[in-house]
Amino acid sequence: MIISKIKKAFCTLLAAAVATVPLSITACAPRDEVLKIYNWGDYINEELLDKFEKWYLKETGENITVRYDTFDTNETMLTRIETQRADYDLVCPSDYIAERMIKEGLAQKVDPDIFDITEKGLFYDTLLEMIRDSIDEKNEYFTPYVWGTVGIMYDVDYIDPEGEFGKLCESWEAMWSDKWEKETGKKRVLMKDSVRDAYSVACIYANRDKLSEMTNGFTDYSSQEYRDELISYFSTVSDDSIALAQKALIDQKKVTYKYEVDDGKMDMVAGTTQAWLGVFWSCDPELIMIEDGGDHFYYTVPKEGSNVWVDGWLIPKYAKNTKAANYFLKFINTYDYAYANFDELGSSIAVVDVMNDAKAYFEEDKDGFFDDYYDGFKEMYIEMMFPSDEVLSRCAIMRDFGLKRNTDLDSMWIDVKTA
């Protein structure tokens with residue numbers, strides 16, 4: 001089950017925007033018999049779309065046809081909704097864009113009589129709490145879907161997890177260290193070409209001594225002072241924080257081999273890069289670690305703290321079939337369908353019972369999925385797929401910084417890359 005499907009892992013989010021179900025199929029149907037979904041490419045088990053149509057008829061006694069379109073960036077989707085007032089019933093933005101859409105009145109509340117986001121035991125309590133703190137303060141609009149962490153991935157063919165350099169990778173200092181070049185004569189660091197991620201990582205790195213004091217040397221993350229400090233790096237931008245991050249990122253250029261968004265992981269698998277480590281979203285290693293040639297990587301969330309990313313469903317302001325949208329949310333989060341979706345995507349989803357059962361499946365490993373991997377891979381992989389409370393205690397969701405500050409950060413990033 002999981003093992004056969006997981007090798008189709010989903011994390012190629014930058015797929016070209018195409019319509020999965022042609023418009024001609026739905027053009028003549030009454031609007032209340034059409035559900036229009038706008039999602040990332042390769043981000044759903046498409047067999048479930050047909051199943052939903054049958055399920056919806058059984059649930060409501062009414063016919064429904066799904067029209068499913070895909071987008072390649074959050075900004076593409078947002079422009080369609082905000083500027084063009086596109087007629088979609090469900091969209092799947094990332095955390096900060098979802099927050100912006102809710103704040104700007106571009107989203108409708110989920111109908112709790114059909115689907116209750118806060119149903120006890122449905123989603124991870126910790127994840128819902130993070131969402132309340134950053135995206136949707138009453139869990140009324142945003143339904144979590146796929147989520148994960150941001151961390152450091154490195155190649156164990158060159159970096160021993162138990163050795164000096166492996167221990168260095170437990171800290172963001174690894175991304176600024178000159179030890180790689182001194183040891184080998186080459187730059188080995190990949191940096192994510194994403195201003196929001198680069199800014200937040202740089203803020204954490206620049207304030208690592210302060211964070212160490214707040215956590216008793218990164219051994220106790222229960223302090224509210226620490227939580228507030230960490231959250232500030234993902235929620236607020238000031239002139240001082242921009243200057244601090246800019247200095248750190250310019251310093252990092254001395255050891256950086258390349259900036260990358262999506263090709264770095266595949267270059268590492270193919271062995272066509274001199275890079276040994278980099279900043280990655282957890283869906284990146286989830287993809288390559290189960291691909292041919294991807295059995296020699298390690299992923300960790302640095303001890304100072306990091307980001308939890310979450311993509312989820314919103315019903316846009318201009319949706320015309322909110323009834324079907326709400327029923328789809330109920331459907332996609334029902335255990336059997338959520339499990340089938342996880343089985344296809346191969347990454348962390350928000351439905352807690354599915355993830356608990358999947359974790360137990362991996363831990364038992366009757367099929368020997370981990371037999372051909374190095375010692376310690378199983379434990380690392382499970383921790384990456386199913387982050388522990390200890391890991392989540394040092395993570396926060398990144399917020400929308402606002403138009404002005406986003407512009408300031410874009411300018412800062414240009415200055416960094418041209419320095």
Side-chain angles (χ1 to χ4, degrees), residues 13-14 17 38-40 71-88 90-109 130-142 144 150 191-204 206-207 228-250 259 261 279 281 306-319 396-419:
L13 300 186
L14 301 182
Y38 201 26
N39 193 9
W40 297 92
F71 56 84
D72 56 354
T73 69
N74 277 296
E75 288 69 26
T76 296
M77 180 278 298
L78 184 59
T79 298
R80 293 292 312 277
I81 301 301
E82 184 175 30
T83 305
Q84 301 173 16
R85 300 189 175 188
D87 175 19
Y88 284 105
L90 277 173
V91 296
C92 187
S94 298
D95 35 48
Y96 70 103
I97 293 293
E99 179 194 6
R100 186 185 306 177
M101 291 178 69
I102 293 170
K103 287 193 301 187
E104 294 181 0
L106 293 172
Q108 301 186 43
K109 291 181 181 179
M130 287 184 174
I131 289 170
R132 285 195 296 272
D133 287 342
S134 59
I135 302 172
D136 179 8
E137 64 178 354
K138 295 183 180 179
N139 294 131
E140 295 177 310
Y141 296 88
F142 183 76
V150 174
M191 186 58 182
K192 191 64 69 180
D193 193 359
S194 163
V195 61
R196 291 169 55 82
D197 292 289
Y199 165 78
S200 297
V201 168
C203 284
I204 294 172
N207 288 284
D228 291 343
E229 183 72 18
L230 180 67
I231 289 172
S232 73
Y233 305 145
F234 297 107
S235 60
T236 58
V237 176
S238 67
D239 292 343
D240 289 344
S241 66
I242 290 176
L244 190 67
Q246 180 171 329
K247 180 181 183 305
L249 291 167
I250 290 175
Y259 294 106
V261 175
V279 176
W281 303 298
S306 190
N307 175 28
V308 160
W309 57 268
V310 56
D311 299 332
W313 301 105
L314 282 182
I315 301 173
K317 175 181 180 179
Y318 304 109
I397 292 176
M398 193 178 296
R399 301 193 62 175
D400 176 36
F401 295 133
L403 179 60
K404 180 184 183 306
R405 285 310 187 183
N406 285 333
T407 301
D408 292 341
L409 287 178
D410 288 341
S411 297
M412 180 272 288
W413 193 228
I414 293 172
D415 291 342
V416 168
K417 294 177 73 174
T418 56

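When all heavy atoms are compared, the tightest approach of Ile135 to Ala98 is CG2-CB, 4.0 Å.
Ring pair Tyr88/Tyr38 is parallel by interplanar angle, where below 30° counts as parallel and above 60° as perpendicular.
Applying the side chain to side chain contact (heavy atoms under 4.5 Å, CB included) criterion to Ala202, with sequence neighbours excluded, gives Trp176, Ala245, Ala248, Leu249. Taking the ring-ring contact (aromatic ring centres under 6.0 Å, His included) definition, one finds that Tyr233 meets it with nothing, sequence neighbours left out. For Phe142, there are no ring-ring contact (aromatic ring centres under 6.0 Å, His included) partners at least two apart in sequence or on another chain. Under the side chain to side chain contact (heavy atoms under 4.5 Å, CB included) criterion, Arg100 pairs with Leu78, Tyr96, Ile97, Glu104, Asp400, Asn406, not counting sequence neighbours. Every residue two or more places apart in sequence or in another chain that forms a salt bridge (Lys or Arg N to Asp or Glu O under 4.0 Å) with Asp408 is listed here: Lys404, Arg405. Contacts of Tyr141 classified as side chain to side chain donor-acceptor pair (under 3.5 Å), with partners at least two apart in sequence or in another chain: none. A search for salt bridge (Lys or Arg N to Asp or Glu O under 4.0 Å) contacts involving Asp197 returns nothing, not counting sequence neighbours. Under the rule for a side chain to side chain contact (heavy atoms under 4.5 Å, CB included), the partners of Ala319 that lie at least two apart in sequence or sit in another chain are Asp89, Gln108, Ile315, Pro316, Thr322. For Lys417, the side chain to side chain donor-acceptor pair (under 3.5 Å) criterion is met by Asp193, not counting sequence neighbours. The side chain to side chain contact (heavy atoms under 4.5 Å, CB included) check on Ser411 picks up nothing, with sequence neighbours excluded. Taking Lys247 as the reference, Asp251 meet the side chain to side chain donor-acceptor pair (under 3.5 Å) condition, with sequence neighbours excluded.
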Practice task
Report the C-alpha separation of Leu90 and Asn39 in whole Å, then their side-chain angles, then the decisive distance to 0.1 Å, and conclude whether the side chain to side chain contact (heavy atoms under 4.5 Å, CB included) test is met.
Solution key: CA-CA 8 Å; Leu90 277 173; Asn39 193 9; over 6 Å; no
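For residues 131-142, the set of pairs meeting the salt bridge (charged side-chain N to carboxylate O under 4.0 Å, His left out) definition, not counting sequence neighbours, comprises Lys109-Glu140.
Proximity of Tyr259 to Met191: side-chain heavy atoms (C-beta onward) are separated by under 4.5 Å at one or more points. A 4.5 Å side-chain heavy-atom check between Ile102 and Leu314 finds at least one atom pair inside the cut-off.
In this structure, OG in Ser94 is found 9.0 Å from CZ in Arg196, a value given to the nearest 0.5 Å.
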